[in-house]
Number of protein chains: 2
Amino acid sequence: MRKNKRDELVQQAMETFYRNGFHATGMDMLVAESGISKTSMYKHFKSKDELILAALKLREEQFHSWSAQRVAELASEPRDQLLALFDVLDEWFKEDTFKSCMFIKASSEYPEPDHPIHQQTVEQRNAMYEGVLTLVEAAALKNPEALARQLLMLQEGAIITAHFGNSKDPAGEAKIAAKALIDAAS
Amino acid sequence: MRKNKRDELVQQAMETFYRNGFHATGMDMLVAESGISKTSMYKHFKSKDELILAALKLREEQFHSWSAQRVAELASEPRDQLLALFDVLDEWFKEDTFKSCMFIKASSEYPEPDHPIHQQTVEQRNAMYEGVLTLVEAAALKNPEALARQLLMLQEGAIITAHFGNSKDPAGEAKIAAKALIDAAS
DNA sequence: GACCAAATGAACAGATCGGTACACCTTAGC
DNA sequence: GCTAAGGTGTACCGATCTGTTCATTTGGTC
């Protein structure tokens, strides 16, 4: 069975776009890094934008399954799981390959609200919010929508701060803040 | 007295890079938008990167003076000023030209920690942290370093959330969270 | 008006960009 | 072995990229 070139390409694209930036990465660079011919690339994807969309979709799936699994391993109660989200962030920040969030990068480089790439980042963020809201509701906390939004913003803040690199423990600090907000909503 | 072309260029560059992205903006686009010749540009700046650095510096000065002035107009006590930071964010988010934060964008498009542009964004963020820390200390709140970090992360989170556009009142929600953290540190 | 600094415009250089065309090769299934 | 699907390599296209050169124009001061 021949390896799936399309999947290889999307995986490589995801890594390269993330590390190097979307506009700053040309298709020739992807050819060089992936070993997949440009002809094959354009056979599978009509344009660079379509490839980016596929890479973002893959990133969303991989990150979501990894973080959900880690959270479930770290805690079982919804309230503890809300805090475990920050431990999982911490693990992510400590990875050598961490370079902020691919969706933040994409929404920044494609800032027009009607651009498909921007729209996909918004959808991904909506899905994150829904995930946090589900846990907040399961934990029977007050003002669930607002609290979910605040917790998500702490996560965003931790990601950005971790990328700037000027705090020793962004995830830990955000977790302490999250705990205070959760306690206040109990 | 001839108008200062260099300053005009930096102002225009700041606006165009911010709206369009750094890599996605070519020097020819800047020529078209500013009406300043490419020759003049390269007379004042050795490279595109140097122009970007100057634009970031200008943005830092303008944003800092504007926000400091607005905060001082909105509140006089340090504790109230910490909360007023979020009202000022709100004003900023509501501007037609809001497109996330120029320093977040720059750090994202130039993610290498040794790149001068990335370094300048880190310095700007350090200055923001010091500003928040000064207010936290003046308000005599507990754990000032950690609290300043948390408040800054809420600001980061609000900026990112405002840019994704999937919350009606990111600054207001972040302000409520900030108030809870400040109350808990009183 | 003369002079000088600042600025312009036009053309250029080499490189890269996203994307196309086509002959040819490789792999997998029958 | 044959065939079709998948993939490659090479060259190409028109456009754009950052940056350079140089003759000319413009603006300000005396």
Side-chain angles (χ1 to χ4, degrees), chain A residues 1-58 105-106 108-112 114-118 120, chain B residues 1-56 58 105-106 108-112 115-118 120:
Chain A
M1 168 75 89
R2 180 181 295 215
K3 281 206 222 160
N4 190 326
K5 282 287 175 176
R6 186 190 187 277
D7 288 352
E8 269 187 63
L9 170 60
V10 177
Q11 175 72 31
Q12 184 67 53
M14 185 189 82
E15 291 165 18
T16 306
F17 284 136
Y18 177 58
R19 185 181 66 247
N20 203 52
F22 296 94
H23 284 98
T25 298
M27 301 302 268
D28 286 339
M29 183 189 289
L30 275 183
V31 168
E33 296 212 354
S34 64
I36 294 163
S37 72
K38 207 191 296 192
T39 318
S40 279
M41 289 183 182
Y42 283 100
K43 180 154 184 179
H44 293 291
F45 297 97
K46 287 210 224 14
S47 64
K48 182 178 172 179
D49 278 6
E50 281 206 16
L51 176 57
I52 289 171
L53 286 166
L56 285 168
K57 177 65 59 178
L58 179 63
K105 295 167 85 72
S108 180
E109 285 197 44
Y110 295 88
E112 296 309 318
D114 59 345
H115 194 290
I117 289 173
H118 189 88
Q120 190 165 328
Chain B
M1 169 73 89
R2 180 182 297 215
K3 280 204 224 165
N4 190 326
K5 283 287 175 179
R6 185 189 188 279
D7 287 354
E8 270 188 61
L9 170 60
V10 177
Q11 175 73 31
Q12 183 67 53
M14 185 189 83
E15 292 166 17
T16 306
F17 284 136
Y18 178 58
R19 185 181 65 244
N20 204 52
F22 296 92
H23 284 97
T25 299
M27 302 302 268
D28 285 340
M29 184 190 290
L30 274 182
V31 168
E33 296 212 355
S34 64
I36 293 163
S37 73
K38 207 190 295 190
T39 317
S40 279
M41 288 183 183
Y42 284 100
K43 181 154 183 177
H44 294 290
F45 298 96
K46 287 210 221 25
S47 65
K48 182 179 173 180
D49 278 6
E50 282 206 17
L51 176 56
I52 290 172
L53 287 166
L56 286 169
L58 178 63
K105 294 168 84 73
S108 179
E109 286 197 43
Y110 296 87
E112 297 309 318
H115 195 289
I117 290 174
H118 189 88
Q120 190 165 327

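Only a predicted model underlies this, so the values are computations on that prediction, with no experimental measurement involved. In what follows, chains are A, B, ... by sequence order, proteins preceding strands, each numbered from 1. Computed over heavy atoms, backbone and side chain alike; hydrogens, waters and symmetry mates excluded.
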Open item on the list: Could you measure the distance from the CD1 atom of Ile52(A) to the CD atom of Glu109(A)? Nearest 0.5 Å is fine.
Closed with: 8.0 Å
TODO: Nearest whole angstrom, please: distance from the C1' of dC17(D) to the CE of Met29(B).
DONE: 12 Å
Open item on the list: Rounding to an integer number of Å, can you tell me how far Lys38(B) NZ sits from dG9(C) C1'?
Closed with: 12 Å
Open item on the list: Could you check whether Glu8(A) and Gln12(A), counting side-chain N and O atoms only, form a donor-acceptor pair closer than 3.5 Å?
Closed with: no
- [ ] With sequence neighbours left out, write down each residue that passes salt bridge (Lys or Arg N to Asp or Glu O under 4.0 Å) with Glu50(B), or none if nothing qualifies.
- [x] Lys46(B)
- [ ] For DNA chain D, determine which residues of residues 39-48 of chain A have any heavy atom closer than 4.0 angstrom to one of its atoms, and list them numerically.
- [x] Thr39(A), Ser40(A), Lys43(A), His44(A)
- [ ] Look at the side chain of Ser37(A) and decide which nucleotide, out of dT20(D), dG7(D), dT20(C), has an atom nearest to it.
- [x] dG7(D)
Task: Interatomic distance, Leu9(B) atom CG to Ser37(B) atom OG [nearest 0.5 angstrom] - done: 9.5 Å
Open item on the list: Between Glu112(B) and Arg19(A), does any NZ, NE, NH1 or NH2 come within less than 4.0 Å of an OD or OE carboxylate oxygen?
Closed with: no
Task: Any donor-acceptor N/O pair, Lys48(B) side chain to Thr25(B) backbone, under 3.5 Å - done: yes
Task: Ser108(B) side, atom OG; Lys105(A) side, atom NZ - distance, nearest 0.5 Å - done: 3.5 Å
- [ ] State which residues pass ring-ring contact (aromatic ring centres under 6.0 Å, His included) with His23(B); sequence neighbours excluded, sorted by chain then number.
- [x] Tyr110(B)
Task: Nucleic acid contacts of residues 13-28 of chain B, taken as heavy-atom distances under 4.0 Å to DNA chain D - done: Thr25(B), Gly26(B), Met27(B), Asp28(B)
- [ ] Please report, rounded to the nearest Å, how far the C1' atom of dT26(D) is from the NZ atom of Lys5(B).
- [x] 11 Å
Task: Bending between helix ends of the helix from dG1(C)-dC30(D) to dC30(C)-dG1(D) [5 pairs per end, 10° resolution] - done: 20°
Task: Pairs where residues 26-51 of chain B contributes a residue and the test ring pair (Phe, Tyr, Trp, His ring centres under 6.0 Å) is met, not counting sequence neighbours - done: none
Open item on the list: Is it the case that the side chain of Ser40(B) and the backbone of Ile36(B) share a donor-acceptor pair, with hydrogens and angles ignored and the cut-off at 3.5 Å?
Closed with: no
Task: Side chain proximity check, Arg6(B) to Met41(B), heavy atoms < 4.5 angstrom - done: no
Task: Nearest-angstrom distance from the residue atom CD of Glu8(B) to P of dA6(C) - done: 15 Å
